[in-house]
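If you're wondering where the values come from, they're calculated on a predicted model, not measured in any experiment.
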Amino acid sequence: MGVRVGEAIGAWVGGACVQSHIDLPPMSSKQQSIVSSVRRGVLQKWSQTLIPTTREAPNDAELPSHIMLHRAGFIRQVGAGIYDYLPLGWRVINKVSAIVREEMEAAGAAEMLMPALEPFELFKDTKRDETYGDNLFRVKDRKGRMNALAPTHEEVITQLLIGAVTSYKQLPLTLYQIQTKFRDEARPRAGLLRCREFLMKDAYSFHFGVEGAGGLNETYDAMYRAYTNIFTRCGLDFSAVEAESGPIGGSASHEFMVNCASGEDTILKCPASGYAANVEKCEIGDRAHDLGAAPAGDLTEKHTPGMPGIDAVAGHLGVSPSGMLKTIVFKVTGGAAGAPSWVLATVRGDHDVNEGKVKALSGCAVMLAPEAEAKKAGFAIGYVSPRVVNTIPGCMLLIDPDATHAGGWATGSDRADHHCVNFNWRRDVGGALDDASKVRVGDVRNALEGDPSPRAAGSRLVTARGIEVGHIFKLGVKYSEAMGLWVLDEKQQRRSVIMGCYGIGVSRTMAACVEMSHDENGIIWPAAIAPYHVLICLMKPDDARQREAAGEIACRLVGEGVDVLLDDRDERPGVKFKDADLVGIPLRITIGDKSLEQGGVEFKHRADTGKARLVPTGDVVGVCLEGLRTGV
């Protein structure tokens with residue numbers, strides 16, 4: 001026997017409508033197919049879930065995503081950087097995860113799950129416990145053994161493969177998981193954008209070679225396409241930018257950044273070529289340099305006591321920061337025979353040295369020199385001048401092109417509390433400028449807006465802001481060589497396995513979406529990851545006629561695969577409408593006496609700033625489907 005329309009609103013099982021069409025009987029468990037090509041939507045009552053909306057934001061909330069996810073009842077803070085995901089928030093997380101899973105498996109990856117707790121012994125060869133430093137959560141068990149709460153799983157997955165893969169014929173292989181990760185952030189802030197516990201998809205690929213079929217480059221490109229598909233399907237406005245690998249390591253990487261004005265990262269783009277990179281990685285186009293300018297005057301030392309900053313020193317000397325030179329000292333780590341012990345990088349006083357570019361130009365692995373070690377070697381930290389390339393053994397000097405040209409610069413004097421004016425490259429550094437083993441000129445600073453594009457002559461870089469939601473790396477043999485992951489080739493010779501690593505911040509993606517898509521009234525979810533697609537507001541939940549109309553519309557929508565939230569609360573219309581805007585469900589249907597008397601219901605798209613429009617009751621499901629398809 002079919003279900004009567006008037007009873008449909010009550011015919012729910014576990015929050016889902018039990019029939020795909022109101023004239024069909026509910027399906028028994030025996031009738032339900034194990035395999036189905038039809039997605040059934042979900043129907044949930046507001047009164048039967050937890051959506052604690054509030055007009056107040058957390059005291060420390062500054063970014064829109066932190067404010068709105070809290071106010072709309074998606075998250076609640078448990079501790080610093082630790083959050084509950086409430087029902088609406090968890091539904092968004094699951095929808096993002098479902099898209100990630102579909103695209104990862106379409107790209108040839110297989111899902112697994114690794115533990116959140118990692119034994120410290122795994123870091124013995126990679127030394128990543130040292131690289132992560134205080135950001136690594138350390139846990140001592142009852143037997144005194146140290147463990148870590150995993151920030152990522154490179155060591156765990158590499159250890160697994162050591163025992164599971166022995167031949168090149170078993171490669172390539174890509175494995176992934178969606179798992180909780182941990183970082184002991186010193187200042188967790190901005191809600192889900194900087195947490196101590198967060199959800200992440202991390203994938204790892206293993207290869208016998210770099211080029212050709214089955215090589216690292218092939219999988220890297222496949223992951224790049226998969227990430228592009230994921231963030232496009234999530235409805236995000238994003239850019240893929242060249243990036244530094246950071247503590248993960250590796251030879252190449254790209255970040256996927258959600259474009260929004262409140263983004264925490266700076267992106268530089270070339271309008272002509274489409275080139276984009278973050279500030280740590282962005283190259284700068286060719287710039288002329290000239291170390292042969294004539295001196296502007298005698299080199300003169302000036303006393304500059306108690307002036308730690310460039311601006312204060314420049315003011316005291318009567319020059320601008322762009323007329324000063326800043327020299328930063330790096331220590332060479334693990335250098336080969338004949339390599340320098342120290343690398344000095346000189347830039348203009350208003351520019352910042354880029355460590356990645358220092359490594360690239362010098363050809364050395366470097367770290368910012370520990371102050372005590374540098375002072376012991378003879379460097380007056382804070383007052384170093386380029387002249388020390390001639391006075392302290394084992395130095396290589398790198399000069400940014402913008403730090404050349406002028407005949408007179410202000411610089412440190414290699415003596416505490418003293419600077420020099422009228423520094424001249426040719427006169428004061430001399431023949432070392434002609435020795436490429438001691439002095440090199442090249443890009444060693446962070447790029448800025450207005451710098452020449454590295455990809456299109458005549459074009460200038462422009463800046464934008466973004467939030468990182470994904471990062472892919474070419475790891476190479478960094479972990480496999482350190483931990484002993486090798487396979488036998490066709491000649492039965494050992495070859496280190498080549499690896500790639502690919503991460504997506506799942507919970508971070510939810511927050512980034514809110515940063516990108518909101519207004520003063522609340523969140524505006526893209527349909528693909530919205531907790532529900534349609535919100536049905538009953539003006540009088542106890543009215544039989546309104547319940548009957550809601551039941552018919554809801555069940556038809558569910559049968560079409562649409563997720564529906566029914567606001568059945570006994571609240572004033574103003575409260576319901578404000579909450580509807582706040583939670584940001586894409587489409588709203590309002591059922592009231594006035595609209596029903598006119599043969600319809602009120603329909604409104606969340607992104608539409610105008611008033612709701614009357615749609616005939618029989619047409620509203622089609623209008624909803626079209627609105628979800630087109631976004632209007």
Item to complete: Could you tell me whether R588 sits above the aromatic face of F577, with NZ or CZ closer than 6.0 angstrom to the six-membered ring centre and within 45 degrees of the axis?
Response: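 R588 over F577 ring: yes.
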Worksheet item: Centre of Y220's six-membered ring, under 6.0 Å away, within 45 degrees of the axis: is that where NZ or CZ of K474 sits?
Response: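 Output yes; distance and angle both within limits.
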Side-chain heavy-atom pair [X], [Y] within 4.5 angstrom cut-off:
X: N278; Y: I267; value: no
X: S97; Y: L199; value: no
X: V42; Y: V564; value: no
X: V241; Y: Y275; value: no
X: I93; Y: I529; value: no
X: I82; Y: Q77; value: no
X: H533; Y: L557; value: no
X: L628; Y: L587; value: yes

Looking at [X] and [Y], does any basic side-chain N land under 4.0 Å from a carboxylate oxygen?
X: R101; Y: E111; value: yes
X: R545; Y: D543; value: no
X: D542; Y: R547; value: no
X: R187; Y: D60; value: no
X: D265; Y: R465; value: no
X: E571; Y: K576; value: no
X: R569; Y: D579; value: yes
X: E197; Y: K181; value: no
X: R629; Y: E626; value: yes

Looking at [X] and [Y], what are the two nearest heavy atoms and their distance?
X: P64; Y: V514; value: O-CG1, 4.3 Å
X: I585; Y: L535; value: CG2-N, 3.7 Å
X: E255; Y: A243; value: CG-CB, 3.3 Å
X: P52; Y: R76; value: O-NH2, 2.6 Å
X: N259; Y: M516; value: O-CG, 3.9 Å
X: C234; Y: A528; value: CA-CB, 4.5 Å

Fill in: Near-ring test Y204/H153, centroid separation under 6.0 angstrom
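No, they do not, as the ring centres are separated by 6.0 Å or more.
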Discussion item. Can you confirm if the aromatic rings of Y532 and W525 lie within a centre distance of less than 6.0 Å?
Written reply: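 Ring centres of Y532 and W525 not closer than 6.0 Å.
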Can you find a side-chain donor-acceptor pair between [X] and [Y] that sits under 3.5 Å?
X: E602; Y: S595; answer: no
X: H471; Y: E468; answer: yes
X: D593; Y: Q546; answer: yes
X: T152; Y: D202; answer: no

Discussion item. Counting only heavy atoms from other residues, nucleotides and ligands, does the tally under 6.0 Å from CD of E62 exceed 12?
Written reply: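 No, CD of E62 has 12 or fewer neighbouring heavy atoms, counting only those of other groups under 6.0 Å.
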Tell me whether [X] contacts the main-chain N or O of [Y] through its side chain, where contact means a donor paired with an acceptor under 3.5 Å.
X: H207; Y: G214; value: yes
X: E102; Y: I230; value: no
X: D568; Y: S47; value: yes
X: K604; Y: D608; value: yes
X: E515; Y: S65; value: yes
X: R39; Y: G561; value: yes
X: R194; Y: P188; value: no
X: D84; Y: I75; value: no
X: T54; Y: R71; value: no

Worksheet item: Could you walk me through whether R196 and D184 pass the side chain to side chain contact (heavy atoms under 4.5 Å, CB included) check?
Response: CA-CA 5 Å; R196 295 196 295 160; D184 194 4; 3.7 Å; yes
In Å and rounded to the nearest 0.5 Å, what is the [atom1] to [atom2] distance from [X] to [Y]?
X: W90; Y: K95; atom1: CH2; atom2: NZ; value: 14.5 Å
X: I498; Y: T219; atom1: CD1; atom2: OG1; value: 11.0 Å
X: I536; Y: K45; atom1: CD1; atom2: NZ; value: 12.5 Å
X: L161; Y: L175; atom1: CG; atom2: CG; value: 6.5 Å
X: E118; Y: E154; atom1: CD; atom2: CD; value: 8.5 Å
X: T53; Y: H70; atom1: OG1; atom2: NE2; value: 10.5 Å

Item to complete: May I have the step-by-step check of side chain to side chain contact (heavy atoms under 4.5 Å, CB included) for W46 and L565, ending in yes or no?
Response: CA-CA 6 Å; W46 194 303; L565 177 64; 3.7 Å; yes
Fill in: With sequence neighbours excluded, residues passing side-chain contact (heavy atoms from CB on, under 4.5 Å) with N521
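Testing N521 for side-chain contact (heavy atoms from CB on, under 4.5 Å), a comparison that skips the adjacent residues, returns D519, D581, R606.
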Worksheet entry | Test ring pair (Phe, Tyr, Trp, His ring centres under 6.0 Å) applied to F206 - qualifying residues, sequence neighbours left out |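 Not a single residue meets the ring pair (Phe, Tyr, Trp, His ring centres under 6.0 Å) criterion with F206.
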Item to complete: Please name all residues satisfying ring pair (Phe, Tyr, Trp, His ring centres under 6.0 Å) with Y227, sequence neighbours left out, ordered by chain then number.
Response: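 Partners of Y227 under the ring pair (Phe, Tyr, Trp, His ring centres under 6.0 Å) test: F256.
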Fill in: Plane angle bin for F137 and F182 - parallel if under 30°, tilted between 30 and 60°, otherwise perpendicular
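Perpendicular: the ring planes of F182 and F137 meet at over 60°.
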Item to complete: Tell me, with the steps shown, if I178 and L113 meet side chain to side chain contact (heavy atoms under 4.5 Å, CB included).
Response: CA-CA 7 Å; I178 297 177; L113 184 64; over 6 Å; no
Item to complete: Please determine which of K281, K269, R455 meets the salt bridge (charged side-chain N to carboxylate O under 4.0 Å, His left out) test together with E242.
Response: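 Going through the options one by one, the only one that passes is R455.
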Worksheet item: Are D237 and V258 close enough, and set up right, to give a side chain to side chain contact (heavy atoms under 4.5 Å, CB included), and what steps lead you there?
Response: CA-CA 6 Å; D237 174 21; V258 172; 5.8 Å; no
